[in-house]
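Here is the structure we will look at, set down as structure tokens.
In what follows, every chain begins at residue 1, and chains take the letters A, B, ... in the order their sequences are listed. Every heavy atom of this structure was used, including side-chain atoms; hydrogens, water molecules and symmetry mates were not. Please read these numbers as outputs of a predicted model, since none were measured by experiment.
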Amino acid sequence: MLRLVLKQTMAHRGRLLLTFAAITLGVTFVVGTLVLTDTSRKVFDDQFRDASTEVDIVIRDAVAFDAAMGVEVERDPLDPQLAARTATLPGIDQAIPVVKGTGLLISDDKAIVPAGPSMLSSWTGVDGFTLREGHAPGGADQVVIDAATATAHDITLGDTVRVQADREADLRVVGLVGFGESDGLPDTTVALTSLRTAQRLLRLGDGISQIDVIAADGTATSSVAEDLRADLGADVDVAASQDTAAASAAAAKSQLGFITGALLALAGAALVIGAFLIANTFSVLVTQRTRELAVMRAAGATGRQVMTSILGEATVLGIAGAIAGTGTGLLAATGLRSLLDAAGATVPDGPTVLSARTLIVALAVGIGVTLIAAFGAARRAARISPVMAMREGALGTTGGRGRLRSGVGVAFTAAGVAALSVGGATESMPALGAGTAALVAGMVALAPMVAPAVVNLIGRGMIALTGRSVPAGLAREAARRAPRRTGATVMALALSLALVVFVSVVGASVRAALQSGFDEAITAELVVESARGEMLGGLEPTTLKKVEDLDEVGTVSPLRFGHWKDSGATRALTAFDPTTIDDVTDVDMVEGNLTDLRDGVVITERQAAERGLNVGDTLAMTFARTGTLKVPVVGLIDDDDARALSTDYLVSLASYRDWFTERVDATLLVRPSSGTSVHDAQVALEDALEGMPTVEVRDQASAAEARTASLDGILTMITAVLMLTVLIAMLGITNTLALSIIERTRELGLLRAVGMTRRQLRTMIRTESLLIAVAGLLVGTTIGVATSALFVRAIAQGGDLHLRVPTTGLALVAAVGLVVGVVGGLAPARRAARLEVLTAIRE
Amino acid sequence: MTNLLNDTPGTADTHAVAAPTKPVAVRARGLVKSYGTGPAAVQALDGADLDIHTGTFTAIMGPSGSGKSTLMHALAGLDVLDAGQVLIGDTDLTDLGERQRTLLRRDRFGFVFQSFNLLPALTAQENITLPLDLAGRRPDPEWMARLVDTLGLGQRLQHRPSELSGGQQQRVAVARALVTRPEIVFADEPTGNLDTRHGQALLRFLRDACDDLGQTIVMVTHDPLAAAHADRVVLLTDGRVIEEIADPTASAIADRMLQLDTEADDRPHTAASSTDTLQEG
């Protein structure tokens with residue numbers, strides 16, 4: 001049996017080629033994603049494990065939570081006396097005071113801006129950094145940097161680099177370090193100085209960030225930690241360094257989780273669309289082999305055996321696709337990394353990790369998708385009766401399930417539309433999600449009915465436009481004749497284009513909402529903000545001072561962001577300066593006002609409604625530094641205006657200083673002094689901030705644009721990836737046509753015999769391809785626009801509706817659809833035209 | 001289908017004698033065609049000569065592998081020859097390119113095949129007008145009506161081939177072959193898939209088309225009963241025309257065929273047949 005299956009598969013390998021390609025592409029995507037994220041995870045794990053080889057216990061200020069949104073929270077400095085005291089306790093070998101913070105490296109007046117953090121730390125000699133060259137930093141003007149950065153920027157021992165933190169200083173490079181085996185940390189610059197220097201640069205006075213504890217030989221870490229906890233009290237956090245490393249790694253990896261999820265969702269889309277292609281192929285193969293299968297049945301094969309043989313072929317194909325996909329997936333990981341990089345989501349690179357789990361998933365996905373897709377055809381094959389071996393013609397009639405199928409399709413479609421209407425009316429995301437899923441399922445079931453009808457309509461339109469033409473008419477007929485096949489092909493393209501349309505409409509709408517909110521609410525003419533992603537922590541510490549000192553600046557109002565926990569969920573808030581906020585913004589308050597805000601929180605109208613809160617009530621907010629506080633609600637703000645300030649929760653800078661250790665300004669809203677033009681003020685700002693390459697000065701309009709920059713990057717990436725699904729859908733058209741040509745060989749031969757020219761034949765096949773593509777385009781655009789419009793309504797949650805149907809985006813989709821139609825038909829058309837008339841008739 | 005193409009009633013038994021004065025519609029000389037290479041090569045045509053006169057009904061016969069189908073395909077421009085000449089009027093078919101041959105088939109020939117004559121997606125009417133549609137021409141309504149009427153297809157025009165009987169399907173094919181008023185109709189075993197009754201009716205119709213309309217018809221068949229409807233039978237052996245029978249009767253054909261089969265069995269394959277008697281007209 002196995003031999004037979006292998007033989008059959010090999011015999012049809014030409015016909016299975018595109019199917020194989022579709023499986024391979026889907027698996028490639030899955031493997032690429034897993035390899036990429038596994039590799040990055042491994043980098044994080046290694047990094048944090050290596051970092052703590054000698055240190056047993058880390059003592060830090062206690063916080064309510066370690067990290068939010070993949071960023072570790074900052075902790076308050078510790079009393080320096082604590083280190084000395086710890087050292088005297090029993091079971092302690094060493095207690096080393098450590099200072100950690102952020103310090104930008106500047107070499108030759110050029111800032112070195114890594115994709116990740118710019119790390120500034122005091123030298124300990126035990127935290128995983130090992131000297132490769134030179135010596136540890138001793139004097140106040142000495143620094144040790146990582147060898148990787150040194151190599152990349154041509155820095156050698158004896159060179160001077162500037163380290164810019166809260167203060168900045170020119171330091172001499174006296175040593176280069178590696179980290180474990182590697183020359184540094186991924187996407188990171190490392191500057192290590194003496195404790196004093198680090199304290200000075202970070203303006204910590206004599207405060208320290210943490211104490212690295214090494215237990216005396218022969219003592220158990222856990223018992224030492226117990227003792228320390230008892231001795232030092234609840235104000236400090238005593239943790240095994242392994243645990244802190246694991247926590248740090250987990251925090252870093254949590255961002256990877258989002259990326260993995262998003263990429264796998266896209267991979268899923270590619271697989272679903274590929275499944276249509278696979279299903280079509282097997283359906284055609286079974287039809288073409290009806291005779292042969294009937295002979296098998298006549299020779300004594302049971303229906304089950306026939307079915308097994310078809311599913312066996314699917315399995316062989318799935319395995320082959322999985323293996324090939326794993327190979328290409330390893331390459332795709334690199335491509336995905338650059339794609340993410342371009343989108344502004346940098347993930348660290350390291351030695352490629354191909355885990356057993358990835359291999360298992362690849363196999364499971366390859367085989368699973370192929371089997372599921374081939375199941376329908378296999379079941380049909382099992383029902384072929386031995387009599388059909390004797391019957392001429394009438395092959396491939398489909399029936400039986402038609403009524404059931406349309407019933408299911410209608411039910412799903414109706415349920416989908418109902419859920420979408422309810423979801424749209426109540427702006428409920430879950431209802432919309434379920435509705436979309438049901439609608440898509442319904443459309444897929446109805447595709448054999450809907451798609452040929454759409455094709456017919458388009459064909460009519462085309463014929464009306466171009467005049468009666470036999471090739472066009474025949475193309476239309478051919479597309480209608482195999483409704484299931486046409487339906488699947490159309491739906492594959494429709495779904496992939498619907499996704500593109502969906503992303504495009506939602507993206508454009510969110511973009512419009514973000515920008516219009518900003519335009520309306522922010523009155524400051526100039527905005528100073530970090531050119532880097534928000535996660536990487538805002539402006540250099542000295543920025544505000546430099547801006548304030550300028551004569552050209554009238555008002556400067558800083559904004560800061562922070563994370564807090566809302567019974568488990570992580571939320572963001574915005575802190576502002578109540579004394580200046582009115583000069584730089586114009587927001588609509590529903591109740592209260594921003595200028596009076598001291599303690600308490602202003603929340604959006606929507607949040608108030610959802611939480612059933614009103615002014616005078618309290619909101620439980622958990623901050624890393626303070627734990628849970630009952631914060632009084634003192635005002636309600638308009639939703640859209642709050643969006644201009646980035647979050648739904650607004651607090652005063654004074655409160656922020658009480659609740660957060662972080663001291664980083666995210667944005668400075670600036671108005672020029674009276675008599676200074678915006679342009680002059682901008683020039684003055686740019687001059688003053690010249691030494692800070694990560695700081696951008698933007699006018700109001702470009703700041704509004706910048707608000708959406710990261711969104712644009714992500715949208716572009718998603719769209720680029722979705723194009724892969726469109727490509728698979730195009731392969732689907734080519735595949736369907738190629739198979740249908742084989743099936744229609746005699747028919748084509750007859751046409752040629754009675755006088756159809758090669759050109760007419762090519763036109764016919766190309767027209768068929770175009771008809772399918774245009775049908776997919778119409779159906780896909782309709783689904784995409786309808787669902788995205790409802791989603792945008794739901795996102796707006798009763799706020800201003802910013803539905804944007806981007807004409808350029810849709811034009812692009814239409815162009816892509818047409819290109820798919822034209823290109824998809826090229827190869828089959830050429831192939832059909834090459835048919836020898838006689839061979840075709842004789843077949 | 002007993003009533004025929006025009007007011008002059010014809011009968012199936014009246015075989016018009018091919019007058020030698022009739023002009024030649026197709027002149028074939030020295031046709032050579034082989035398939036495959038090396039020891040597996042098959043010499044399908046080996047210097048076949050043939051004239052087809054306008055307004056005659058010619059049947060091509062021969063044992064299996066004698067090259068009769070290849071000969072017809074060569075005459076119809078469906079196949080490319082290794083050597084030889086096929087003149088249609090003044091046009092040498094062997095000089096024509098692929099596209100020109102296609103247009104020639106479309107505009108000047110009609111075809112009836114043994115099976116799979118019709119496109120399943122098209123109605124009977126659309127199948128009939130296919131060559132005209134491909135040429136972008138409109139059918140002559142009178143001619144169309146007469147064909148449909150004579151072939152008894154009036155009630156079936158909007159039906160698809162799957163809704164037609166085998167005989168009806170072949171009649172539609174004949175209508176298609178005639179709709180362009182072609183110079184020559186080529187029929188390849190047109191009755192091969194029909195029962196005797198339907199087969200005879202179809203042949204009578206072809207006979208009438210020849211008699212009443214002066215339609216030139218070339219038919220390949222292995223059935224003496226079918227061939228008996230023709231004005232003459234051309235016998236092929238080993239890729240050559242060896243004999244012609246004028247005004248054939250079914251029994252005469254059958255006898256001669258049997259004889260040829262026996263000779264073919266006795267004769268060594270390499271020896272060129274010395275009994276070839278090439279008769280013209």
Side-chain angles (χ1 to χ4, degrees), chain A residues 287 391-397 399 452 455-456 459 463 466-483 486 740 743-764 767-768 771 833-843, chain B residues 33 35 44 69-70 72-74 76-80 97-123 126-138 160-164 166 169 173 176-177 179-180 182 185-186 188 193:
Chain A
T287 305
R391 209 177 294 161
E392 170 89 29
L395 298 181
T397 44
V455 165
N456 193 22
I463 288 166
T466 59
R468 203 171 106 87
S469 122
V470 186
L474 284 175
R476 190 181 65 155
E477 286 301 328
R480 281 172 57 181
R481 189 152 29 124
T486 304
S740 111
E743 200 170 274
R744 281 149 60 194
T745 300
R746 291 184 70 179
E747 201 178 312
L748 300 179
L750 176 71
L751 277 167
R752 294 276 290 117
V754 302
M756 179 177 263
T757 60
R758 284 201 164 140
R759 179 190 299 233
Q760 284 176 316
L761 183 56
R762 272 198 298 268
T763 306
M764 179 176 94
T767 307
E768 197 177 332
L771 280 175
R834 275 210 305 258
L835 278 178
E836 283 298 330
V837 184
L838 270 184
T839 344
I841 309 175
R842 282 201 196 117
E843 177 159 290
Chain B
K33 173 77 184 178
Y35 294 106
S69 283
T70 308
M72 196 203 85
H73 291 149
L78 283 168
D79 211 347
V80 183
E98 209 284 327
R99 181 179 158 77
Q100 287 164 308
R101 277 190 284 123
T102 304
L103 298 182
L104 186 79
R105 289 198 301 269
R106 188 185 76 192
D107 298 334
R108 293 168 69 179
F109 296 162
F111 288 94
V112 183
F113 297 104
Q114 175 176 2
S115 63
F116 206 85
N117 258 306
L118 307 179
L119 291 182
L122 301 184
T123 62
E126 287 165 337
N127 265 296
I128 293 172
T129 57
L130 185 62
L132 290 172
D133 291 340
L134 285 170
R137 286 191 277 140
R138 300 207 167 276
R160 308 237 166 183
S162 57
E163 298 160 326
L164 300 177
Q169 288 185 23
R176 187 200 52 219
V179 78
T180 57
V185 167
F186 292 98
D188 192 355
N193 273 8

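Here the closest heavy-atom approach between residue B/Phe111 and residue A/Ala753 is recorded as CE1-O, 3.4 Å. Here the closest non-hydrogen pair linking B/Glu98 and A/Val837 is OE2-CG2, 4.5 Å.
A donor-acceptor pair is defined here as one N or O able to donate and one able to accept, closer than 3.5 Å; such a pair exists between the side chain of B/Arg105 and the backbone of A/Arg752.
No part of B/Arg108 comes within reach of chain A, as not one of its non-hydrogen atoms sits under 4.5 angstrom from that chain. Only the side chain of B/Leu103 has a heavy atom closer than 4.5 Å to any heavy atom of chain A. With a 4.5 angstrom heavy-atom cutoff, B/Phe113 touches chain A only via side-chain atoms. Heavy-atom distances place the side chain of B/Arg176, and not its backbone, under 4.5 Å from chain A.
In this structure, CD on A/Glu747 lies 10.5 Å from CG on B/Leu118, to the nearest 0.5 angstrom. The CG atom of A/Leu750 sits 7.5 Å away from the CG atom of B/Leu130 when rounded to the nearest 0.5 Å. Distance OG1/B/Thr102 to CG/A/Leu751: 11.5 Å, rounded to 0.5 Å.
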